[in-house]
2 protein chains.
Amino acid sequence: MKKDEKKYDNADECPITVFMDKIGGKWKPVIVWLLLNNGTMRFNELDKAINGITQKMLSQQLKDLEFENIIKRVSYPVIPPKVEYSLTDKGKTLSELLEGIMQWSKTNL
Amino acid sequence: MKKDEKKYDNADECPITVFMDKIGGKWKPVIVWLLLNNGTMRFNELDKAINGITQKMLSQQLKDLEFENIIKRVSYPVIPPKVEYSLTDKGKTLSELLEGIMQWSKTNL
DNA sequence: CTGTATCCCGACCGATACTG
DNA sequence: CAGTATCGGTCGGGATACAG
């Protein structure tokens with residue numbers, strides 16, 4: 001390592017670790033991936049699309065992603081309730097990255 | 001989504017999730033990153049380089065990465081013991097990907 | 001339909017001590 | 001130097017029920 005290079009010797013500082021914390025976990029990648037492919041999806045659609053997830057977990061992960069400004073939540077004040085989730089511009093910039101990860105993953109894992 | 005596209009609706013099948021499981025976690029990214037930058041490192045060097053990690057965790061994570069064939073372990077039968085860790089060819093292919101993640105992470109998080 | 005509220009378990013991880 | 005052994009705490013995440 002050149003001496004003027006930043007040394008990511010601490011897990012908390014490592015950008016990759018930060019990334020894993022934000023986008024990683026058991027469900028977040030699938031959610032982002034689905035929204036990337038489908039554009040806008042409702043809560044119930046995501047629930048049905050993701051095998052094995054509970055409403056609690058879905059709700060929680062969506063909140064996390066919204067907080068990180070990766071996804072956007074739009075709630076329509078109608079009865080029955082209707083809420084649509086989609087990626088923000090920031091979320092969409094993940095596209096290439098995720099595509100790269102997928103390629104590597106499929107080739108090497 | 002086009003109908004001939006694979007639907008990654010299950011966390012276990014999602015390549016990104018698989019990737020996170022293998023390379024993710026609290027310490028693995030930092031380890032891979034250090035080896036990417038430094039080439040070969042000894043157990044003790046890694047231990048000192050990574051802030052806050054315990055020997056137990058380091059040992060465990062190294063074993064995982066070795067099992068995934070991401071890193072290579074070479075043990076010299078000398079006293080005191082000397083063990084060197086480095087990336088495999090497969091591990092080195094992570095370089096671009098991690099670089100991409102780092103760039104995104106630094107710009108967006 | 002879109003969520004919350006509880007309860008609970010097991011994996012992950014840290015601290016510490018010990019070994020070849 | 002390079003690990004292993006043990007103990008224990010925290011927390012993500014699952015099951016289920018309930019609410020607006």
Side-chain angles (χ1 to χ4, degrees), chain A residues 9-14 17-32 34-35 38 40-68 71-86, chain B residues 9-14 16-31 34-35 38 40-68 71-86:
Chain A
D9 57 356
N10 185 309
D12 297 334
E13 293 175 12
C14 177
T17 299
V18 175
F19 177 85
M20 301 284 185
D21 284 349
K22 307 297 186 190
I23 323 291
K26 185 165 181 182
W27 304 111
K28 293 203 192 79
V30 207
I31 295 173
V32 174
L34 282 172
L35 292 178
N38 297 340
T40 298
M41 294 181 77
R42 299 183 58 172
F43 186 89
N44 207 29
E45 288 181 308
L46 286 165
D47 196 12
K48 281 183 292 185
I50 304 174
N51 206 327
I53 199 172
T54 60
Q55 291 181 321
K56 173 192 167 187
M57 289 315 297
L58 179 55
S59 166
Q60 197 171 99
Q61 304 300 304
L62 287 171
K63 266 184 190 163
D64 288 352
L65 289 170
E66 192 191 357
F67 180 78
E68 296 298 335
I71 69 173
K72 185 170 37 190
R73 193 189 105 112
V74 180
S75 169
Y76 298 91
V78 296
I79 297 193
K82 174 177 172 181
V83 180
E84 289 183 338
Y85 293 94
S86 57
Chain B
D9 56 356
N10 184 310
D12 297 334
E13 293 176 13
C14 177
I16 302 166
T17 300
V18 176
F19 177 84
M20 300 286 186
D21 284 349
K22 307 297 187 190
I23 322 291
K26 186 165 182 183
W27 304 112
K28 292 203 191 78
V30 206
I31 295 174
L34 281 172
L35 292 178
N38 297 339
T40 297
M41 293 181 79
R42 301 182 56 172
F43 186 89
N44 208 30
E45 288 181 309
L46 286 164
D47 195 12
K48 280 182 294 185
I50 304 174
N51 207 326
I53 198 172
T54 60
Q55 290 180 321
K56 174 191 165 186
M57 290 314 297
L58 180 55
S59 165
Q60 198 172 98
Q61 305 298 305
L62 288 171
K63 268 184 191 164
D64 288 352
L65 289 170
E66 192 191 358
F67 179 78
E68 297 297 336
I71 68 173
K72 186 170 36 192
R73 193 190 105 110
V74 180
S75 168
Y76 299 90
V78 295
I79 297 191
K82 175 177 173 182
V83 180
E84 288 183 340
Y85 294 92
S86 57

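Excluded from the calculations below are hydrogen atoms, water molecules and symmetry mates; all remaining heavy atoms, backbone and side chain alike, are included. To find a chain, count down the sequence lines: A is the first, B the second, and so on, and within it residues start at 1.
Summarising the geometry, the separation between CD on B:Q60 and P on D:dA2 is reported as 19 Å, rounded to the nearest angstrom. When the P atom of D:dG3 is taken as reference, atom CD1 of B:I50 falls 13 Å away, rounded to whole Å. Whole-Å rounding puts the B:Q55 CD to C:dA15 P distance at 13 Å. When the P atom of C:dC1 is taken as reference, atom CD of A:E45 falls 11 Å away, rounded to whole Å. The interatomic distance linking A:M41 (CE) with C:dT2 (C1') rounds to 15 Å, in whole Å. If you take NZ of B:K56 and C1' of C:dA15, they are 9 Å apart, rounded to a whole angstrom. Atom CG in B:D47 sits about 9 Å away from atom P in D:dA2, given to the nearest Å.
For B:S59 and D:dT4, the shortest distance from a side-chain N or O to OP1 or OP2 is below 4.0 Å. Dashed line: the shortest gap from a side-chain N or O of A:Y85 to OP1 or OP2 of C:dG3 is under 4.0 Å. Within the 4.0 Å cut-off from OP1 or OP2 of C:dG3, not a single side-chain nitrogen or oxygen of A:K63 is found. OP1 or OP2 of D:dA2 lies within a sub-4.0 Å distance of a side-chain N or O belonging to B:R42.
Ranked by how close their nearest DNA chain D nucleotide is to the 5' end, A:P81 and A:W27 are led by A:W27.
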### Task
Could you walk me through whether B:E45 and B:Y85 pass the side-chain contact (heavy atoms from CB on, under 4.5 Å) test, one step at a time?
CA-CA 10 Å; B:E45 288 181 309; B:Y85 294 92; over 6 Å; no

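Comparing atom distances between the A:R73 side chain and each of D:dG14, D:dA2, C:dG3 picks out C:dG3 as nearest.
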